[in-house]
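Just below is one structure, and these are the notes that go with it.
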Amino acid sequence: MIIRKRLAAGVCGLLATLAVGLLPASAVADEPDAKPSPKVELVLDVSGSMRARDIDGQSRMSAAKQAFNEVLDAVPHEVQLGIRTLGANYPGDDRKRGCKDTKQLYPVGPLDRTEAKTAVATLAPTGWTPIGPALLGAADDLKGGDATRRIVLITDGEDTCAPLDPCVVARDIASRGIHLTVDTLGLLPDAKTRDQLSCIAEATGGTYTSVRHTGELRKRVHQLVDRAARPVVTPVATKGADQCDGAPKLTPGLYSDREKFAEHRWYRVDVRPGQELRASVSVAADRTVNNDYGVLLRASTVHGREIVRGSEAGSGRTDVISSGLRYPKSSDDAAEGDDKPAAETVCLQVSNSFSAPASVKTAPGLPVELTVDLVDAPHDAADIASFGLGRGWWLLGALVLTGLVAGLVWGWISRWRISVWRTN
């Protein structure tokens, strides 16, 4: 009996071992995702103006606390969340001290909902509105690692600590290339507050939202925190050169850069026979600019001969202006019998014609986002698809033929009617 039990146990063990060996590696070990956890910091204005009772019959502070508690209950488990305050501790009139009043209330990390709610419950409207210093502090709180990072700023007024302009601070944060987004929410904002918060958001690729009710605040903060948990493509920071020689070599992907007003920047892409280069560029006007502007994306050989270009121009106010191009390289360009044909180096030039009033600071440069992709090219580089018509060429041909036939028929009918009229 004992021998039979041991034999049965051995057979079961062997079968289990074989089963485990046949399973995919992901089924054998439930290892955690190696992707770094996204980081979010909520920056809350606790200045004296938050005492105003004009949001759904309660104070702005009470509305913010209620929204925070509901948002904290719904934070995705993979998000590392922190809370920073501004104007929460110093009630006096000393401007120098009041403009340093920003403090991390809850450290960025795995969320303990009870602890975070308790920390928020202790807040009371107190002092100044140092938005600029708070943004700098939040950027330091989120530094390090490759995770997506987002600051959500909630305030009811503009910064009271100039000349540290929070819009300039946001541009400085964006110019660091750390891909930190700042979203701003204004509680019953006036025109100056709205303009300042919009500028902060635009400088970092974030969003601005005007809030007038508790439900709107809760819903919007929850959306922004949830957005941070979604997988997104993070642009790779690069720096274009002033000429093609020595320019960075780009592979398919998304890239970010900064370009001064009316500047030219160069990048290089290797295109093999049988591939088509598709590139696009967007330049953001993150500050006040003059009317009449444009962006140019130009592809040329290393010797300076232009291959193709894409351009876009406009006048009036815009946030982003974009252009793109396509360059198919026929497989016929490859040497016969060459298994791995040599690639052609294509120089990409990005230029802009933005200008700004004398009162507007031009540094850092304008945000640039460049997309590069390499796909299978048409069999013949002279294919009609290379002119952007794709497979719609037959429809164009049919319309042309129909118009020609209709013209001939109408001409014949007209001549016949005139001949009959003359006869009669």
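This structure is a prediction, so every number in the text was calculated from the model and none was measured.
With sequence neighbours excluded, the residues satisfying salt bridge (charged side-chain N to carboxylate O under 4.0 Å, His left out) with Asp156 are Arg60. Legend: residues meeting salt bridge (charged side-chain N to carboxylate O under 4.0 Å, His left out) with Arg171, ordered by chain and number and at least two apart, are absent. With sequence neighbours excluded, no residue forms a salt bridge (charged side-chain N to carboxylate O under 4.0 Å, His left out) with Arg220. Applying the side-chain contact (heavy atoms from CB on, under 4.5 Å) criterion to Pro107, with sequence neighbours excluded, gives Gln104. Annotation: side-chain contact (heavy atoms from CB on, under 4.5 Å) contacts of Val236 (sequence neighbours excluded): Tyr255. Residues that satisfy the salt bridge (charged side-chain N to carboxylate O under 4.0 Å, His left out) test with Glu306, not counting sequence neighbours, are Arg298, Arg309. Taking the side-chain contact (heavy atoms from CB on, under 4.5 Å) definition, one finds that Arg268 meets it with Cys244, Ala247, Lys249, Thr345, sequence neighbours left out. Under the side-chain contact (heavy atoms from CB on, under 4.5 Å) criterion, Glu259 pairs with Glu263, Arg265, Val350, Asn352, Val368, sequence neighbours left out.
Between Phe354 and Tyr293, the ring planes are parallel. Angles under 30° get that label, and only those over 60° would be called perpendicular.
Atom SG of Cys199 and atom CG of Asp286 lie 7.0 Å apart (nearest 0.5 Å). Note: Ile173 CD1 to Leu180 CG = 6.5 Å, rounded to the nearest 0.5 Å. For the atom pair CG (Leu153) and CG (Leu185), the distance works out to 8.0 Å, reported to the nearest 0.5 Å. Taking CD1 of Ile55 as the start and CG of Leu187 as the end, the distance is 4.5 Å to the nearest 0.5 Å.
In this structure the side chain of Val281 never reaches within 4.5 angstrom of the side chain of Leu348, judged on heavy atoms. His222 is not listed as a side-chain neighbour of Glu70, based on a closest heavy-atom distance of 4.5 Å or more. Residues Pro133 and Trp128 are not in side-chain contact: their nearest non-hydrogen atoms beyond the backbone lie 4.5 Å or more apart. Between Glu344 and Val302, the closest side-chain pair of non-hydrogen atoms is not below 4.5 Å. Within the 4.5 Å cutoff, no side-chain heavy atoms of Gln223 are placed close to those of Asp183.
For residues 186-195, the set of pairs meeting the side chain to side chain donor-acceptor pair (under 3.5 Å) definition, not counting sequence neighbours, comprises Asp190-Thr193. Sorted by first and then second residue, the side chain to side chain donor-acceptor pair (under 3.5 Å) pairs with a member in residues 362-375 form an empty list; sequence neighbours excluded. Contacts classified as side chain to side chain donor-acceptor pair (under 3.5 Å) and involving residues 110-122 (residues at least two apart or in different chains) are given here: Asp73-Lys117.
A donor-acceptor pair is defined here as one N or O able to donate and one able to accept, closer than 3.5 Å; no such pair exists between the side chain of Thr181 and the backbone of Gly205. Judged purely by atom type and a 3.5 angstrom limit, Lys65 uses its side chain to pair as donor or acceptor with the backbone of Ala121.
Applying the 6.0 Å contact sphere to NZ of Lys100 captures no more than 12 heavy atoms from other residues, nucleotides or ligands.
Closest non-hydrogen pair, Glu202 versus Ala285, comes out as OE1-O, 4.2 Å.
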In a table with atom names and distances, give each donor-acceptor pair under 3.5 Å that connects a side chain of residues 80-89 to protein atoms at least two apart or in another chain.
| residue | atom | partner | partner atom | Å |
| --- | --- | --- | --- | --- |
| Arg84 | NE | Asp141 | OD2 | 2.8 |
| Arg84 | NH1 | Thr102 | OG1 | 3.1 |
| Arg84 | NH2 | Asp141 | OD1 | 3.2 |
| Arg84 | NH2 | Asp141 | OD2 | 3.0 |
| Thr85 | OG1 | Lys103 | O | 3.3 |
| Asn89 | ND2 | Asp101 | OD1 | 3.3 |

